[in-house]
There are 2 protein chains.
Amino acid sequence: MSKQRDEEQVLAQLAGVVGCSPLVREPLSADRSGELARVFKALGDPVRLRLLSLIASHAGGEACVCDLTGAFDLAGPTISHHLKVLREAGLIAGERRGTWIYYRARAELLASVAGVLDTAVEA
Amino acid sequence: MSKQRDEEQVLAQLAGVVGCSPLVREPLSADRSGELARVFKALGDPVRLRLLSLIASHAGGEACVCDLTGAFDLAGPTISHHLKVLREAGLIAGERRGTWIYYRARAELLASVAGVLDTAVEA
DNA sequence: TACCTATCTTGACGGTCGTCGAATCACGGG
DNA sequence: CCCGTGATTCGACGACCGTCAAGATAGGTA
């Protein structure tokens, strides 16, 4: 139902973050800092970091939820919640194929965020 | 009093984060994810992101607290709290010179965190 | 249709976070 | 020495977050 709307909002966010110049170059505007903070907040949990890493480093670049739940001592709904947070931050994208749902990392956003933090910059 | 102890703990943290291999290379260990999450959590607030950006982009690479408070519609203690969070995450370091306290960004940590996120990696 | 498995949503609980006022500490100048 | 200014710490309040059990949804199989 709101799946499509979520995706659109996420993409709107990405536009602001992807084009962002590095932190050390010039002071961050209030708008950009809000968008960036949403991404960093999503990264600011050990479980979500491990989930993202498991997905990004998994063979084929994607992982099924059933591959992820086993790695944690957490209930199913909790994993699902963390995946939702990562999804709404634009860090991962999920696709249903039959019974299973596969997630993959959005490398563009990871690279953009890295660019914001990096001191020696390319642009 | 605990100023010195804080610094030591921060440096101990950095050791784990600085040497960390990128997210997409291999699954993050539980330990590393905890250390990394602390840094990302510190970055996960708009005010702290702007503070860090103001400090890092300031002339001379450092900024006095009095230069920062004016940029926000927040009370002094709130700014001080956010600076403490950034300090305890190892993202900034403060030094008192006379009446004023100057903060500067820890570029090594910024670069390390960027390296963890980046997909195309140097090592 | 009915059932099973995989995953998400809801609702609730305890814990943490961001914010502020008031009090406190650190320094320099009369 | 006492006062004023810059900055932090303390204590408290409301809001948000991580977690789970229970219920709901989606797809496959028969």
Side-chain angles (χ1 to χ4, degrees), chain A residues 1-7 30 33-34 37-52 54-55 62-89 91-104, chain B residues 1-7 30 33-34 37-52 54-55 62-89 91-104:
Chain A
M1 42 171 75
S2 65
K3 202 66 164 300
Q4 196 66 23
R5 193 159 329 208
D6 279 0
E7 284 294 317
S33 66
R38 240 174 303 173
V39 178
F40 282 125
K41 200 178 299 182
L43 293 171
D45 182 278
V47 175
R48 287 198 289 269
L49 275 180
R50 289 182 64 198
L51 279 171
L52 179 60
L54 281 170
I55 294 170
E62 59 182 14
C64 166
V65 178
C66 55
D67 296 329
L68 305 171
T69 50
F72 301 88
D73 206 16
L74 294 171
T78 302
I79 301 294
S80 204
H81 162 69
H82 285 305
L83 289 172
K84 183 179 183 181
V85 173
L86 289 172
R87 207 190 321 139
E88 290 180 341
L91 287 163
I92 61 175
E95 180 196 359
R96 167 157 236 145
R97 285 207 295 275
T99 305
W100 299 277
I101 299 183
Y102 292 88
Y103 283 97
R104 64 180 199 282
Chain B
M1 43 170 75
S2 64
K3 202 65 163 299
Q4 196 65 25
R5 191 159 332 206
D6 279 359
E7 284 295 317
S33 65
R38 239 174 304 175
V39 178
F40 283 125
K41 200 178 300 184
L43 293 172
D45 182 278
V47 174
R48 288 197 288 269
L49 276 180
R50 290 182 63 198
L51 279 171
L52 179 60
L54 281 169
I55 294 170
E62 60 183 12
C64 167
V65 178
C66 56
D67 296 329
L68 304 171
T69 49
F72 301 88
D73 206 17
L74 294 171
T78 302
I79 300 295
S80 205
H81 162 69
H82 286 303
L83 288 172
K84 183 179 184 180
V85 173
L86 288 171
R87 203 191 321 138
E88 290 180 341
L91 287 163
I92 60 176
E95 179 197 359
R96 167 158 238 145
R97 285 206 294 278
T99 306
W100 299 277
I101 299 182
Y102 293 87
Y103 282 98
R104 64 180 200 283

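Quick note on labels: first sequence line is chain A, next is B, and so on, each numbered from 1. All heavy atoms count here, side chains included; hydrogens, waters and symmetry mates do not.
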Interface polar pairs with nucleotides 17-27 of chain C, N/O, under 3.5 angstrom:
unit_1	atom_1	unit_2	atom_2	d
C/dG18	OP1	B/Arg48	NH1	3.2
C/dG18	OP1	B/Arg48	NH2	2.8
C/dG18	OP2	B/Arg48	NH1	3.3
C/dT19	OP2	B/His82	NE2	2.4
C/dC20	OP2	B/Ala75	N	2.9
C/dC20	OP2	B/Thr78	OG1	2.8

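- Summarising the geometry, the separation between CD1 on A/Ile79 and P on D/dC20 is reported as 8 Å, rounded to the nearest angstrom.
- Residues A/Leu83 and A/Ile92 approach most closely at O-CD1, 3.7 Å, considering heavy atoms.
- Rounded to an integer number of Å, the gap from A/Arg38 CZ to D/dC16 C1' is 15 Å.
- In this structure, B/Tyr103 reaches the sugar-phosphate backbone alone: every heavy-atom distance under 4.0 Å involves primed, P, OP1 or OP2 atoms, never a base.
- Rounded to an integer number of Å, the gap from CD1 of A/Ile101 to P of C/dT5 is 18 Å.
- Rounding to the nearest 0.5 Å places OG of B/Ser33 at 11.5 Å from CG of A/Leu52.
- Residue B/Ser80 places its side chain closer to D/dT9 than to any other of D/dT9, D/dG6, C/dT9.
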Please tabulate, one pair per line, all N/O donor-acceptor pairs under 3.5 Å involving side-chain atoms of residues 65-81 of chain B, not counting sequence neighbours.
unit_1	atom_1	unit_2	atom_2	d
B/Asp67	OD2	B/Cys64	N	3.2

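- Atoms CZ (B/Phe40) and P (D/dG18) sit 15 Å apart, rounded to a whole Å.
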Hey, can you pull the donor-acceptor pairs under 3.5 Å for the side chains in residues 41-49 of chain A, sequence neighbours left out?
unit_1	atom_1	unit_2	atom_2	d
A/Asp45	OD1	A/Val47	N	2.8
A/Asp45	OD1	A/Arg48	N	3.3
A/Arg48	NE	A/Ala42	O	2.6
A/Arg48	NH1	A/His82	ND1	3.1
A/Arg48	NH2	A/Lys41	O	3.2

Could you tabulate the donor-acceptor pairs under 3.5 Å formed by side-chain atoms of residues 97-104 of chain B, not counting sequence neighbours?
unit_1	atom_1	unit_2	atom_2	d
B/Arg97	NH1	B/Glu95	OE1	3.1
B/Arg97	NH2	B/Glu62	OE2	2.6
B/Tyr103	OH	B/Arg87	NH2	3.3

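- Separating the CD atom of A/Glu95 from the P atom of D/dG27 is a distance of 13 Å, rounded to the nearest angstrom.
- Between B/Leu68 atom CG and D/dT8 atom P the separation is 10 Å, expressed in whole Å.
- Distance, B/Trp100 CH2 to D/dT8 C1': 17 Å, rounded to whole Å.
- Here C/dC8 presents its P atom at 11 Å from CG of A/Leu51, a figure rounded to the nearest Å.
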Under the rule of Watson-Crick or G-U wobble with both distances under 3.5 Å, where | means paired to another strand and [ ] a crossing pair, DNA chain D maps to ||||||||||||||||||||||||||||||

